Undergrad: 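My questions will all concern the structure given below.
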Number of protein chains: 2
Amino acid sequence: MGRVGLSTDRLVRAGAELADEVGFDQVTVSALARRFDVKVASLYSHVKNSDDLRTRIAQLALAELADRGDLALAGRAGKDALTALADVYRDYAREHPGRYAAAQLRLDPEAAAASAGPRHARMTRAVLRGYDLTEPDQTHAVRLLGSVFHGYVSLELGGGFSHSAPDTQETWTRILDALDTLLRNWPPQD
Amino acid sequence: MGRVGLSTDRLVRAGAELADEVGFDQVTVSALARRFDVKVASLYSHVKNSDDLRTRIAQLALAELADRGDLALAGRAGKDALTALADVYRDYAREHPGRYAAAQLRLDPEAAAASAGPRHARMTRAVLRGYDLTEPDQTHAVRLLGSVFHGYVSLELGGGFSHSAPDTQETWTRILDALDTLLRNWPPQD
DNA sequence: TAATTTGCCTAAAGCTTTTAGGCAAACGCA
DNA sequence: TGCGTTTGCCTAAAAGCTTTAGGCAAATTA
């Protein structure tokens with residue numbers, strides 16, 4: 001019974017893959033041990049507990065998403081940047097549904113601070129530099145974009161838009177058009 | 001050891017309360033049995049299994065939400081209807097976070113059909129009657145509203161907007177203003 | 001009141017989580 | 001190269017959740 005070469009990193013990456021295959025809430029220390037053909041207790045040297053494992057997967061997903069966002073935003077501005085960032089979220093969720101679900105995990109303050117969460121807020125603000133908004137409207141707009149991206153992606157992923165009619169790609173395009181229009185003509189207070 | 005008077009209905013309602021208190025994913029057959037001071041196995045006469053219990057809680061939440069929506073929409077149109085429906089979702093989520101989480105549960109086709117899901121789609125379409133949209137734009141708009149409502153509420157609930165600055169009520173108001181403006185000036189294709 | 005249904009029980013098996021303690025492989029250094 | 005230390009995976013065990021099977025007594029019905 002030689003050593004398999006476990007490490008926190010390998011466990012977290014395997015956990016992320018597992019999440020994509022069977023769903024984030026089916027990610028369990030036991031299932032992960034099975035996947036490495038190792039006894040369950042062995043994982044507890046690398047991961048504090050089940051919660052720690054899930055938190056780390058969430059942080060991995062947030063970081064991967066932020067990396068993709070940075071790449072997508074490089075050299076883009078205005079509507080181009082808006083759709084690029086929006087597509088990052090949507091594509092990531094479709095490619096990695098389990099990881100995307102993980103990214104939604106409510107993190108406690110320390111874990112949140114150590115995560116890529118703040119990078120996401122910065123990316124959205126970067127998109128808004130292409131529009132003419134000042135505080136506090138900029139913050140309102142950051143929240144609106146976050147809501148639409150997250151809301152659309154999670155409804156689409158959950159099958160909320162199933163009975164096709166117009167396909168979801170067309171809706172997505174039209175929604176981004178609409179957001180662009182809205183941001184260029186943000187209604188004044190009152 | 002007399003009878004406690006369990007029934008599927010009482011279990012589901014108690015499960016919904018439990019969800020609001022400890023979170024939907026902490027709702028367990030065991031916890032529910034404890035709450036009724038009854039042995040776990042006793043619940044299995046009233047509920048098929050853990051999944052069945054959760055599905056029923058989800059259906060309860062969807063129905064309650066739809067009931068509130070119907071009340072809120074009665075006699076309202078246009079922006080008035082828009083904000084009334086939006087507030088239904090937001091208020092419900094704040095009053096009943098566990099039930100709101102339950103309402104997000106992915107239901108299998110039969111359970112979904114038996115749920116109040118379709119009523120929600122109808123309510124959103126009813127709001128849009130106050131605006132001048134024809135198909136397929138109306139469907140795009142239904143999806144946009146669903147995304148914003150769900151996205152905003154779940155981000156706010158999850159603490160995604162924590163570091164205040166402008167408070168979330170103000171953002172919510174401004175977002176609804178913005179949506180109203182957008183729906184009255186829906187950008188044409190291309 | 002007798003017969004039937006129903007409600008909650010005990011028992012038991014299987015799975016997940018988590019801790020404690022042990023042995024041997026790998027590593028680090030003289 | 002050999003020795004000591006660290007590290008990785010193990011066995012063992014306790015505790016909690018899920019689910020099924022079968023039993024007895026209370027409630028319902030005739």
Side-chain angles (χ1 to χ4, degrees), chain A residues 1-60 98-99 101-102 105-108 110-111, chain B residues 1-60 98-99 101-102 105-108 110-111:
Chain A
M1 284 75 178
R3 304 189 176 190
V4 185
L6 300 184
S7 73
T8 303
D9 229 63
R10 281 192 69 192
L11 289 182
V12 173
R13 286 201 306 267
E17 283 168 28
L18 187 59
D20 287 335
E21 291 165 21
V22 304
F24 182 56
D25 36 43
Q26 305 299 316
V27 172
T28 166
V29 182
S30 297
L32 208 50
R34 238 174 276 130
R35 167 167 291 226
F36 281 97
D37 200 25
V38 138
K39 295 296 168 181
V40 188
S42 305
L43 302 206
Y44 281 83
S45 319
H46 304 281
V47 145
K48 255 213 291 296
N49 53 36
S50 197
D51 230 58
D52 182 41
L53 172 64
R54 296 155 104 71
T55 297
R56 286 174 191 273
I57 295 173
Q59 288 169 324
L60 172 69
R99 284 155 145 101
L105 183 69
R106 180 86 168 96
L107 298 176
D108 53 275
E110 16 158 4
Chain B
M1 287 71 182
R3 303 188 177 190
V4 185
L6 300 184
S7 73
T8 303
D9 229 61
R10 282 192 69 193
L11 289 181
V12 173
R13 285 201 306 267
E17 284 168 28
L18 187 59
D20 287 335
E21 292 166 19
V22 304
F24 183 57
D25 37 42
Q26 306 298 316
V27 172
T28 165
V29 182
S30 296
L32 208 49
R34 238 173 277 132
R35 167 165 289 226
F36 282 96
D37 201 24
V38 138
K39 296 296 170 181
V40 190
S42 306
L43 302 206
Y44 282 83
S45 318
H46 305 280
V47 143
K48 256 211 294 292
N49 53 36
S50 198
D51 229 59
D52 181 40
L53 172 64
R54 298 158 101 71
T55 297
R56 286 175 192 273
I57 295 172
Q59 287 169 324
L60 172 69
R99 284 154 144 103
L105 184 68
R106 181 84 168 99
L107 298 175
D108 52 274
E110 17 157 5

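Residue numbers begin at 1 in each chain, while the letters A, B, ... track the order of the sequences. All values derive from a computational prediction rather than experimental measurement.
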Undergrad: Does any N or O in the side chain of B:Arg99 come within less than 3.5 Å of the main-chain N or O of B:Leu60, such that one atom is a donor and the other an acceptor?
TA: no
Undergrad: Can you see which heavy atom on A:Ala58 is nearest to which on A:Leu107, and at what distance?
TA: CB-CD2, 4.2 Å
Undergrad: Could you check how far OH of A:Tyr44 sits from P of D:dC10, rounded to whole Å?
TA: 15 Å
Undergrad: Could you tell me if the side chain of B:Asp37 sits less than 4.5 Å from the side chain of B:Val4, heavy atoms only?
TA: no
Undergrad: Is the distance from OP1 or OP2 of D:dG8 to the nearest side-chain N or O of A:Ser45 less than 4.0 Å?
TA: no
Undergrad: As a test of reading the structure: which of C:dT17, C:dT16, D:dC9 is closest to the side chain of A:Leu6, going by heavy atoms?
TA: D:dC9
Undergrad: Can you work out whether A:Arg34 or A:Lys48 has the more 5'-proximal nearest nucleotide on DNA chain C?
TA: A:Arg34
Undergrad: Locate the shortest heavy-atom distance separating A:Val40 from A:Ala33; write the atom from each residue and the value.
TA: CA-CB, 3.7 Å
Undergrad: Report yes if a side-chain nitrogen or oxygen of A:His46 is closer than 4.0 Å to either non-bridging phosphate oxygen (OP1 or OP2) of D:dT7; otherwise report no.
TA: no
Undergrad: Categorize B:Ala41 for me: base, sugar-phosphate, or nothing, with a 4.0 angstrom heavy-atom threshold over every strand shown.
TA: base
Undergrad: Starting from P on D:dT19, measure out to CG on B:Leu53 and report it in whole angstrom.
TA: 10 Å
Undergrad: Just wondering, do A:Asp25 and B:Asp25 contact through their side chains at under 4.5 Å, heavy atoms?
TA: no
Undergrad: Can you tell me the distance, in whole Å, between the CG atom of B:Leu18 and the P atom of D:dC17?
TA: 12 Å
Undergrad: Taking all non-hydrogen atoms of both residues into account, name the closest pair between A:Ala111 and A:Thr55 and its distance.
TA: CB-CG2, 3.8 Å
Undergrad: Which nucleotide, C:dT19, D:dT19, D:dC9, lies nearest any side-chain atom of B:Val40?
TA: D:dT19
Undergrad: Roughly, in whole Å, what's the span from NZ in A:Lys39 to P in D:dT11?
TA: 5 Å
Undergrad: Is there a side-chain contact between B:Leu18 and B:Gln26, using heavy atoms and a 4.5 Å cut-off?
TA: no
Undergrad: Could you state the atom-to-atom distance from CG of B:Leu43 to P of D:dT20 in whole Å?
TA: 13 Å
Undergrad: Would one find a side-chain N or O of B:Ser30 under 4.0 angstrom from OP1 or OP2 of D:dG16?
TA: no
Undergrad: Separation of A:Asn49 atom CG from C:dA20 atom P, in whole Å?
TA: 14 Å
Undergrad: Just checking B:Val4: base, sugar-phosphate only, or nothing, at a heavy-atom cut-off of under 4.0 Å?
TA: sugar-phosphate
Undergrad: Take atom CG of A:Leu11 and atom P of D:dG8, then tell me their distance rounded to the nearest Å.
TA: 11 Å
Undergrad: Give each protein N/O atom lying under 3.5 Å from an N/O atom of nucleotides 3-6 of chain C, with the pair distance.
TA:
residue	atom	partner	partner atom	Å
C:dT6	O2	B:Arg3	NH2	2.9

Undergrad: Do any side-chain nitrogens or oxygens of A:Thr28 fall under 4.0 Å of OP1 or OP2 in C:dT17?
TA: yes
Undergrad: Starting from P on C:dT16, measure out to CG on A:Asp51 and report it in whole angstrom.
TA: 18 Å
